[in-house]
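Beneath this line is the structure, given in structure tokens, with notes to follow.
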Amino acid sequence: MSLPQTSAPSAQPTTSERLPESRDPATGEVWRRYPVADAVAVRGTVARARAAQPAWAALSPSARADCIRRFVKELLARRDEAAGIVARENGKPVGEALGVDVGVTLALADHFAVAAPRFLRARWRRSRMLAAWRKRVALVKEPFGVVGVISPWNYPMFLPLSSAIPALLCGNAVVNKPSEWTPGIAELVKECLHAAGVPADVYQVVHGAGAAGAALCEEADKIFFTGSEATGRKVAVACARRLIPCALELGGSDPAIVLADADLRHAASGIAWGRFTNAGQTCVAAKRVFVEEPVYDEFLALLTQAVRQLRVGPGTDDATDVGPMIRPEQRALIAAQHADALARGAREALRVETPAGDCYFPPTILTDVPPDSRAMTEETFGPLLPVTKVRDAEEAIARANDTTQGLSASVWTADVTRGIAIAQRLQAGSVLINDACTAAGVSDVPHGGFKASGLGKVHGELGLQECVRTKAVTVDWFQAWRQPWWFGYGPEHRENVGDFLVAAHGTALGAKLRALPGVLRLVFSPKRKI
Ligand code: NAD
């Protein structure tokens, strides 16, 4: 049954919207265009998914898991083609696409193919409440129906599949609206899933930009959204209007705290990767670094040395470390944040040379960046890294938490116990000690932000929990006695109830024992009204 609509879909594609096309950011070359789904097409797609979903949900969890295992085989066989498309559409180095995009996807599919059937098993248990001693309860996990997965371009394969694969395994049909900047890889994923036995209408892709995403929010039974905070707010409002749930994985201004006892080479190398991988376009990138005063100069020298060695070029070139940014507008935004910092007195510690092209921005390290500059108050989604000297860990924690976002954070220290204590004080959905970014790609570790970085989780059991609605089935297994709270009221009943409350919740042993006869009369009373 379709959920009620509270507003007419307003989602006709507008002429100002970008058309979905496969385009190389290094050269601007477009090699494929995709038809845009308007609101009517999105409604039709969801209707087909809704019709196909019950048969998919009726399969056993292990039969669905077999499909996902076959998907792993299909994708593994097409891994180079997949990495090539990601590198070409997104601009990232092809080796990075193979390891991070394809590799993480294979790992998450393998993980959930095992974890989901276990998670879905209903287990009966007794209630531990005294008044409910006759009850046995099972929590049954049911699919929502059709879930919409709206995804960004920066990790265009594993981000949508982080929600889509567990959602499929839990018996949902999925409609993915990929980013208009990376539609090609969504088509390859769809082909692999269909070849693996997922029915065509159970996994579908609709192309388009914001209007197609907005139309999906008007039709699906749950939305998994990954993208910017600004769009996340619109999705949340659309879902709230229809009273449907949504999970939101949004942006971050993630801090990295380098303590004086850290292995500075390790920290410099990890933070260099964590910031500049994918040309700085990673949600959990280290975007603000705070370094304790005694090691600031040494750390900065090591970081500068690590970043200076980065080779910037087209993602399709095997020798490239850092590719172009996704689009000129994204480059212009990072350039504006950079210019704002310089205008407010920041200094450039390093700027790496780049090839010519309107999507390249030089990997840059900034120091002395004032806290109110855009590079510190906004998400910097590009290869720009402000490094700040702090007095001590206390100042680092205060500066780290001084942001509206709270996606992830990292702490670099030789003292893991202290690192964990600091992690507990950081306002972030995940904290890494002595590593950068990687937790977001580990599919049995929940990922999801605090504050304006989102709602809900992907990955891990909490991620599976997002793919189901839980039904409590409660059985009364003993029908010879009426329930003590059913009709049959009167002075004796009232007295017995009072005794029951003392026995269940009182603390004085004598009073509890004195109340026992009343409890037995109440609980074992055979009197029924009818
Ligand atoms: P975006 O918000 O511009 O777009 C994301 C998706 O939403 C795209 O598919 C887009 O077409 C669609 N969309 C646009 N308007 C919409 C609307 N009104 N209704 C529904 N859908 C709409 O984000 P982006 O530029 O593609 O991605 C970069 C952002 O994503 C960054 O802020 C980054 O931090 C964030 N991100 C977060 C995570 C995470 O796990 N938290 C992961 C990756 C990226």
Side-chain angles (χ1 to χ4, degrees), residues 9-11 13-14 16-20 34 36-37 39 42 89-90 100-101 104 148-163 175-183 185-186 205-220 223-239 241 246-254 277-285 287 325-327 329-330 333-334 378-382 405-408 428-430 437 439-441 443 445-459 463:
S10 58
T14 56
S16 61
E17 282 205 338
R18 183 181 191 270
L19 297 176
Y34 302 79
V36 177
V42 171
E89 284 189 331
N90 179 280
V100 178
D101 293 81
V104 170
V149 175
I150 302 174
S151 44
W153 45 264
N154 61 335
Y155 293 93
M157 180 158 47
F158 91 75
L159 287 175
L161 290 180
S162 288
S163 311
V175 177
N176 174 222
K177 205 301 283 173
S179 170
E180 57 277 27
W181 295 91
T182 49
I185 191 61
V205 173
V206 289
H207 290 292
L216 190 53
C217 293
E218 297 299 331
E219 302 293 337
I223 294 291
F224 287 92
F225 173 80
T226 308
S228 64
E229 184 186 324
T231 312
R233 287 180 191 278
K234 290 184 198 164
V235 169
V237 168
C239 291
R241 234 183 0 247
C246 61
L248 307 173
E249 302 298 337
L250 311 178
S253 291
D254 296 2
T277 185
N278 202 18
Q281 303 164 120
T282 301
C283 55
V284 287
K287 294 177 184 135
M325 297 183 65
I326 186 76
R327 56 178 186 253
E329 297 82 358
Q330 202 74 29
L333 176 59
I334 205 85
E378 297 174 2
E379 179 182 35
T380 49
F381 216 55
Q405 296 182 316
L407 191 54
S408 82
S430 68
C437 298
S443 44
V445 175
H447 165 71
F450 289 0
K451 303 202 282 190
S453 287
L455 294 173
K457 301 281 181 196
V458 289
H459 300 168

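Just so you know, ligand 1 is whichever comes first in the structure, and atom 1 is the first atom listed for that ligand. Numbers here simply count residues along the sequence, with the first being 1.
Protein heavy atom closest to atom 19 (N) of ligand 1, with residue, atom name and distance, is A214 N, 3.5 Å. Counting only heavy atoms of the protein, atom 36 (N) of ligand 1 lies nearest to C283 CB, 3.6 Å. In this structure, the protein non-hydrogen atom closest to atom 31 (C) of ligand 1 is E379 OE1, 3.6 Å. Of the protein's heavy atoms, G213 CA, 3.5 Å lies nearest to atom 21 (N) of ligand 1. Atom 25 (O) of ligand 1 has its closest protein heavy atom at W153 NE1, 3.0 Å. Of all protein heavy atoms, the one lying nearest to atom 23 (O) of ligand 1 is S228 N, 3.3 Å.
Residue contact check for ligand 1: A209 places a non-hydrogen atom closer than 4.0 Å to it.
The shortest distance between side-chain heavy atoms of H447 and V284 falls below 4.5 Å.
Atoms of ligand 1 found under 4.0 Å from any heavy atom of S179, numbered from 1 in the order shown, are 9 (O).
Ring geometry, F381 versus W153: the interplanar angle exceeds 60°, so the pair is classed perpendicular (tilted spans 30 to 60°).
For atom 8 (C) of ligand 1, the nearest non-hydrogen atom from the set G227, S151, P152 comes from S151. The heavy atom nearest to atom 41 (N) of ligand 1, considering only V284, T282, L250, T226, is found in L250. Taking all heavy atoms of T231, V237, L216, N278 into account, the minimum distance to atom 13 (N) of ligand 1 is reached by T231.
Between S453 and ligand 1, not a single N/O pair is under 3.5 Å apart.
Not a single salt bridge (Lys or Arg N to Asp or Glu O under 4.0 Å) links E89 to another residue, sequence neighbours left out.
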